[in-house]
Amino acid sequence: MGSSGSQEGAAACQPALKRLLIDYDSTLNPGQGNLPLTSERAKLLEAYLTKWQKLGLEIFVLTSSNPEKKEKALEAAGIRGLFTDVLSSTMPRRFPTKGDFIAKRIREDGWIPSEQLLADDSIEAVQSIFQDADAAPRAAGPLAHTWRLPQHSSTGLLEEDLRLLDAKVAGSPGSGDGGATTHCYSFQHDGQQVDASDSAEKCMLDSLPLDTRIQVLKANSPERRQEWIASRPDFAALCAAAGPEVEAPAAPAKQAAPPPSRCNPASGVAGGIVAKRSALPAKGAGKGAGKSGFFPPSRAAATTGAASSTSRAEIDLHRLEALTKRLEAAAAAAVLVPPTSTANGDCPRPSTAAPRPPDVAIDLSVLDAVVGRVERAASLLERGRCSRT
C-alpha cells in the first residue's frame with residue numbers, strides 16, 4: 001500500500017454482503033474487448049471466488065454487453081461454475097444504465113442495497129448507483145455498495161483489491177442492517193490508494209479532461225475542495241501544481257435569457273446545449289444540501305446580497321451528464337428528430353453580432369467532455385455503425 005489511506009479505506013468498508021456483481025472488461029479481466037482470461041488471472045480469481053462461494057455469496061458477472069461472450073470466456077478459463085449467473089444490463093432488455101437494471105431487481109426480487117456490491121471501472125455505471133438517468137439522486141439512496149476502478153483499467157482488480165473485497169464480504173454478521181452503503185475508489189498514486197468516500201461528484205470530476213478538472217477544483221470553495229481532496233492525493237497534487245486560486249471575473253449585467261429551443265443560436269453550442277445557472281443550496285437546507293453541481297472554472301456572475309458581494313455562477317454538471325446520456329441513447333438507436341427552427345428544416349446559425357446573454361455565457365471548456373461524447377455518437381451514426389432498434 002502506498003500510504004495509510006488504503007488501510008483506513010478498508011476499515012471504513014466492513015459490511016457483510018450477500019451479493020457481488022462484477023463487471024467483466026477492465027474489472028474482472030484487465031483490458032477491453034472480450035480478451036481471454038490468462039491462466040494466472042484465473043488462478044488468482046479462483047482462490048477468492050471459491051472462498052466466497054463457500055460462504056454462500058451470490059456472485060454475478062454484470063456486463064453491459066453480450067453475456068454469451070462472457071460466459072464462454074469464463075468457461076474457457078474454468079471458473080464459470082463459481083458464478084451464480086452472467087447478467088447483462090442490455091440483453092435481452094436494454095436498460096439505460098446498470099443502476100436501472102439493479103433498481104429493477106430491488107423492486108421485483110427484493111434485493112437489498114446494503115447487502116450487495118458493484119465492482120466496476122465504468123464511471124457511468126458507478127454514477128448510476130447514486131443517480132437515475134436524469135442525474136437526480138436515487139430516491140431511496142444508493143442502490144449498492146460500490147468498488148470503483150479507474151476507467152478502462154489496464155490491470156482490473158488487483159490482488160490487494162480482492163483482499164479488501166474479501167474483508168467486506170466477510171464482515172461481521174448484521175453489519176449491513178443499518179442500510180448504509182459504502183463507496184470506495186481504488187487507484188494508483190505513489191502506490192495503491194483507496195478513497196473510502198467515493199461519490200457521484202468525484203466520478204464526475206474523474207470524467208473531466210485534466211485541465212478542466214483542475215479548473216473546477218480550484219474554482220470551488222476551500223471547504224468543498226478540501227472535502228474532495230481529503231482522501232484523493234491525486235486531486236491534492238493537481239491543486240498544488242496549479243498554483244494559487246485565481247478569483248473569477250464578474251460577468252456583465254444580467255440580461256433576459258432567450259427561450260429554450262432545440263437549436264439555440266444564442267448558446268453558440270451545437271444542438272442547443274445550454275447550461276443553466278442554479279443557486280447552490282444553503283448549508284443544511286434539507287438532505288443532500290450543498291452536494292449537487294459545481295462552480296464553473298472561469299466564469300462568474302455578479303450578484304447582490306447582504307452576506308456577500310460576489311458569488312460564482314454554478315454549472316450543474318450532473319444535468320449536463322444526464323443530457324449527454326439521453327443524446328447518446330438517441331444516437332445509438334438512430335432516433336434523431338431533425339430540428340424545425342426554419343422553413344427548410346435547417347438550424348439557424350448564431351448571429352455574430354448579437355452578444356450571448358450572461359445566463360448562457362458559460363466556459364465551453366466545461367462542456368468539452370460532454371460535447372465530445374455526443375459528437376462521437378453522431379460520428380458512429382453517420383458511419384452507419386448504429387443500427388435502428
Side-chain angles (χ1 to χ4, degrees), residues 13-95 98-99 101-106 108-122 125-126 129 143-149 152-171 173 176 184 186:
C13 303
Q14 292 293 319
L17 300 175
K18 293 184 179 180
R19 189 173 304 105
L20 185 60
L21 302 112
I22 312 176
D23 176 54
Y24 185 87
D25 291 323
S26 299
T27 305
L28 190 69
N29 193 34
Q32 296 282 307
N34 298 307
L35 295 174
L37 287 154
T38 64
S39 57
E40 293 81 4
R41 182 70 176 175
K43 184 176 180 181
L44 172 64
L45 293 171
E46 183 178 15
Y48 287 93
L49 294 172
T50 299
K51 178 180 179 181
W52 297 340
Q53 187 183 60
K54 289 180 179 179
L55 291 173
L57 186 71
E58 297 177 352
I59 310 172
F60 299 92
V61 166
L62 177 56
T63 180
S64 58
S65 60
N66 189 334
E68 292 184 2
K69 293 183 177 180
K70 312 307 182 190
E71 289 254 16
K72 291 178 180 178
L74 296 174
E75 289 171 356
I79 59 174
R80 170 62 184 89
L82 298 175
F83 290 87
T84 306
D85 203 354
V86 177
L87 307 173
S88 174
S89 61
T90 61
M91 299 176 66
R93 173 181 170 184
R94 178 179 291 276
F95 290 83
K98 287 185 178 180
F101 173 87
I102 294 173
K104 180 177 182 293
R105 301 299 292 263
I106 290 175
E108 298 184 0
D109 299 332
W111 285 11
I112 298 175
S114 61
E115 295 179 349
Q116 56 203 22
L117 179 145
L118 173 69
D120 209 310
D121 72 293
S122 167
V126 174
I129 298 299
L143 304 172
H145 302 278
T146 56
W147 191 274
R148 181 165 67 98
L149 300 182
H152 304 315
S153 171
S154 60
T155 63
L157 290 167
L158 298 171
E159 184 166 7
E160 182 65 17
D161 292 312
L162 294 170
R163 283 199 292 265
L164 294 174
L165 285 174
D166 183 58
K168 293 174 69 66
V169 169
C184 301
S186 176

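In what follows, residues are counted from 1 in the order of the sequence shown. Atom set for the values below is all heavy atoms of this structure, side chains included, hydrogens, waters and symmetry mates excluded.
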How far apart are the closest heavy atoms of [X] and [Y], and which atoms are they?
X   : Y    : value
A77 : A42  : O-CB, 3.8 Å
R41 : T27  : NH2-O, 3.1 Å
P30 : T155 : CG-O, 3.2 Å
S64 : K98  : N-CE, 3.9 Å

Distance (rounded to the nearest 0.5 Å) between [X] [atom1] and [Y] [atom2]:
X    : Y    : atom1 : atom2 : answer
I129 : L143 : CD1   : CG    : 5.0 Å
I102 : W111 : CD1   : CH2   : 6.5 Å
L57  : L49  : CG    : CG    : 9.5 Å
I22  : F60  : CD1   : CZ    : 11.0 Å
L149 : C184 : CG    : SG    : 11.0 Å
K70  : L62  : NZ    : CG    : 11.5 Å

Do [X] and [Y] make a side-chain contact, defined as non-hydrogen atoms from C-beta onward lying under 4.5 Å apart?
X    : Y    : answer
W52  : L165 : yes
L87  : R105 : yes
I106 : P113 : yes
T50  : I79  : no
L74  : Y24  : yes

**Study point:** Stepwise side chain to side chain contact (heavy atoms under 4.5 Å, CB included) test for D121 and Q32
**Key:** CA-CA 11 Å; D121 72 293; Q32 296 282 307; 4.3 Å; yes
Hey, does the side chain of [X] reach the backbone of [Y] with a donor-acceptor pair shorter than 3.5 angstrom?
X    : Y    : value
H152 : G31  : no
D120 : S122 : yes
S88  : S65  : yes
E71  : R80  : no
E58  : Q116 : no

Check your understanding: In terms of ring plane angle, is the pair F101 and F95 parallel, tilted or perpendicular, where the classes change at 30° and 60°?
Key ->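 F101 vs F95 ring planes: perpendicular.
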Exercise for review: Would you please test L37 and L45 for side chain to side chain contact (heavy atoms under 4.5 Å, CB included) and show each step?
Suggested key: CA-CA 10 Å; L37 287 154; L45 293 171; 4.0 Å; yes
Exercise for review: Could you tell me whether R19 and E115 have a side-chain N and a carboxylate O separated by less than 4.0 Å?
Suggested key: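 Between E115 and R19 there is no salt bridge, as every charged N stays at least 4.0 Å from the carboxylate O atoms.
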Review point. Knowing that exactly one of L157, D166, I59, D161 qualifies, which makes a side chain to side chain contact (heavy atoms under 4.5 Å, CB included) with Y48?
Key: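 Passing option: D166.
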Review point. For E40 and K43, what are the C-alpha separation, side-chain angles and deciding distance, and is it a salt bridge (Lys or Arg N to Asp or Glu O under 4.0 Å)?
Key: CA-CA 5 Å; E40 293 81 4; K43 184 176 180 181; over 6 Å; no
Exercise for review: Inspect the surroundings of CD in E68 and state if more than 12 heavy atoms from other residues, nucleotides or ligands are less than 6.0 Å away.
Suggested key: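 Check fails, neighbour count at 12 or below.
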